[in-house]
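Everything below concerns the one structure shown next.
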Protein chains: 2
Amino acid sequence: MALSVREQIADNSRIDILSAAAKCFMDRGYAAASIDDVARSLGATKGRIYHHFPSKADLFAAVFKHGMDLNYEAVRPFIDQPGPALPRWRRMAMAHVLLMIDTKPFQRAVWIGVEMHLRGATTPEQRSVFNELIEYRHNYGMLFRNTLLQGRDEGVFRFDDLSITNQLMFMTLNSPIFWYSPRVGETRADVEVVAKKVVDYALGGLSKRREESA
Amino acid sequence: MALSVREQIADNSRIDILSAAAKCFMDRGYAAASIDDVARSLGATKGRIYHHFPSKADLFAAVFKHGMDLNYEAVRPFIDQPGPALPRWRRMAMAHVLLMIDTKPFQRAVWIGVEMHLRGATTPEQRSVFNELIEYRHNYGMLFRNTLLQGRDEGVFRFDDLSITNQLMFMTLNSPIFWYSPRVGETRADVEVVAKKVVDYALGGLSKRREESA
DNA sequence: ATGAACATACTACCGGGTATGTTGTCAACG
DNA sequence: CGTTGACAACATACCCGGTAGTATGTTCAT
């Protein structure tokens, strides 16, 4: 559906706030990031933030959701592709890692949100909103889990504990949100080389080994 | 050197505070964990904390350092062992992962500290103390890096970018601090099985592959 | 002139840090 | 051997800066 001009402007302002908030949450963590920080980084004041979002928790949830939307969007072209699991997994993983690099602040916010949920660091009223987001993310994880299972059936992946393997795989694929930072003069090709190293490492843990001795 | 009875008692109290603080930092993060929380979890008040530690930052630094001390202690038996890199790496990695599981609160605090340092979320006066801790941790990482290099020379490991590989490896080995939680009726053998899965996954990313095509 | 999109001004509260009590223990002294 | 005083190991009470949230202007486009 088309947005009117006014709605378009309002939506742009909303996205600007989300981006600034994501960066603040990444830089200082949820608790230490203040609404004033977010506003200041926009050259604005609290009034602007609270006009669009009812509370800090809701602002954070919006950042979380936007990050997850980006995730779905990135892997959507591949999830319904038929054929063997390995090449599809490679494309999904590559898209995922590149997204981690390209939208680091949002992905860090997602991470923070998951961590908070695991710790139970949410107030009861936030709980329902958060549960939806966590389920949203869980379903995203399912896309990879299904591919992992198919790959195991096909004999290209080797693992016995799906849950742990999935954790380790995502840990690897997500890790650039912590250690990646762009180098001066870095080209897109350079970024893709880095992403490929991450994907290859993650794949190594999934593939059959040549040596199995301790 | 032997401690007197009084010193022994004081040291025990200090360790109790460190343990409680580690748990609070893990459960709420650095910013959201209050000194009152730590004290409350000990059935005490702020006075006790501030009698032993001059500030929240110093308390956190002590938790960090204690966590790193545990790390060094765990891998120390292996670092000077001669012989091929692979078995030594396996032992070091296994000891590391088991420590992540056994001392999760402290290791989470170490993680939080590293993250804060990377974000520059430290005040100037904390900076010098923090830099020491980060260097302390960096040297610990060097123990693994050296083994990685030796393994590559021996032909058992395959990677081109040492820095990225090291990041990915540690990310995998550290990951239990996020997703591990003990199951009811879990035995030590069960824990070691989990740890072995982690080590194997990390090793998979280091080993030579059978297929290199995209 | 009406409401969206902000800015300004203010309140309430929480948490780090401090200043000051209180209690038990040990050591030296008479 | 009892007394005392000095200090460690806390608890209590308080201050104060920062922050989430609110209430109320102000401006501008439609």
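Throughout, a chain's letter reflects where its sequence line sits, starting with A, and its residues are numbered from 1.
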Quiz prompt | Glu73(A), CD: over 12 other non-hydrogen atoms inside 6.0 angstrom | solution = no
Quiz item: DNA chain D: Arg28(A) or Gly47(A), which has the more 5' nearest nucleotide?
Solution: Arg28(A)
Self-check item: Side-chain ion pair, Glu192(A) and Lys196(A), N-O less than 4.0 Å
Solution: no
Quiz item: Quick one: is His52(B) getting a side-chain N or O under 4.0 Å of the dC10(D) phosphate, OP1 or OP2?
Solution: yes
Self-check item: Any donor-acceptor N/O pair under 3.5 Å between dG16(C) base and Lys46(B) side chain
Solution: yes
Quiz item: Which nucleotide sits closest to the side chain of Ser34(B): dG21(D), dT18(C), dG15(C)?
Solution: dG15(C)
Exercise. Send over the distance from Ile35(B) CD1 to dC16(D) C1', rounded to a whole Å.
Key: 17 Å
Quiz item: Just checking Ala39(B): base, sugar-phosphate only, or nothing, at a heavy-atom cut-off of under 4.0 Å?
Solution: nothing
Quiz item: Hey, are Lys197(B) and Asp200(B) close enough for a salt bridge, meaning a charged N less than 4.0 Å from a carboxylate O?
Solution: no
Self-check item: Integer-rounded Å distance: dA5(C) P and Leu42(A) CG
Solution: 15 Å
Quiz prompt | Close aromatic pair by centroid cut-off 6.0 Å: Tyr72(A) and Tyr136(A) | solution = yes
Practice problem: Consider the side chain of Lys56(B), meaning its heavy atoms from C-beta on, and name the nucleotide among dA7(C), dA11(D), dG16(C) that approaches it most closely. | Solution: dG16(C)
Practice problem: Determine the contact category for Ala57(B): base if any of its heavy atoms lies under 4.0 Å from a base atom, sugar-phosphate if only primed atoms, P, OP1 or OP2 are that close, otherwise nothing. | Solution: nothing
Quiz item: Does Ser13(B) put a side-chain nitrogen or oxygen below 4.0 Å from OP1 or OP2 of dC10(D)?
Solution: yes
Exercise. Please work out if Thr45(A) contacts a base, only the sugar-phosphate, or nothing of the nucleic acid, heavy-atom cut-off 4.0 Å.
Key: base
Exercise. Compare side-chain N and O positions of His51(A) against OP1 and OP2 of dA5(C) and report whether any pair is under 4.0 Å apart.
Key: yes
Quiz item: In whole angstrom, what separates Arg48(A)'s CZ from dT24(D)'s C1'?
Solution: 20 Å
Practice problem: Figure out the CG/P separation between Leu59(A) and dG21(D), and round it to whole Å. | Solution: 10 Å
Self-check item: Between C1' of dT11(C) and OH of Tyr50(A), the distance in whole Å
Solution: 13 Å
Quiz item: Is the Phe25(A) ring parallel, tilted or perpendicular to the Tyr30(A) ring (thresholds 30°, 60°)?
Solution: parallel
Practice problem: Quickly work out the Asp36(B) CG to dG15(C) P distance and round it to whole Å. | Solution: 7 Å
Quiz item: Ile49(A) CD1 to dA7(C) P: how many Å, rounded?
Solution: 9 Å
Self-check item: Integer-rounded Å distance: dG17(C) P and Asp58(B) CG
Solution: 9 Å
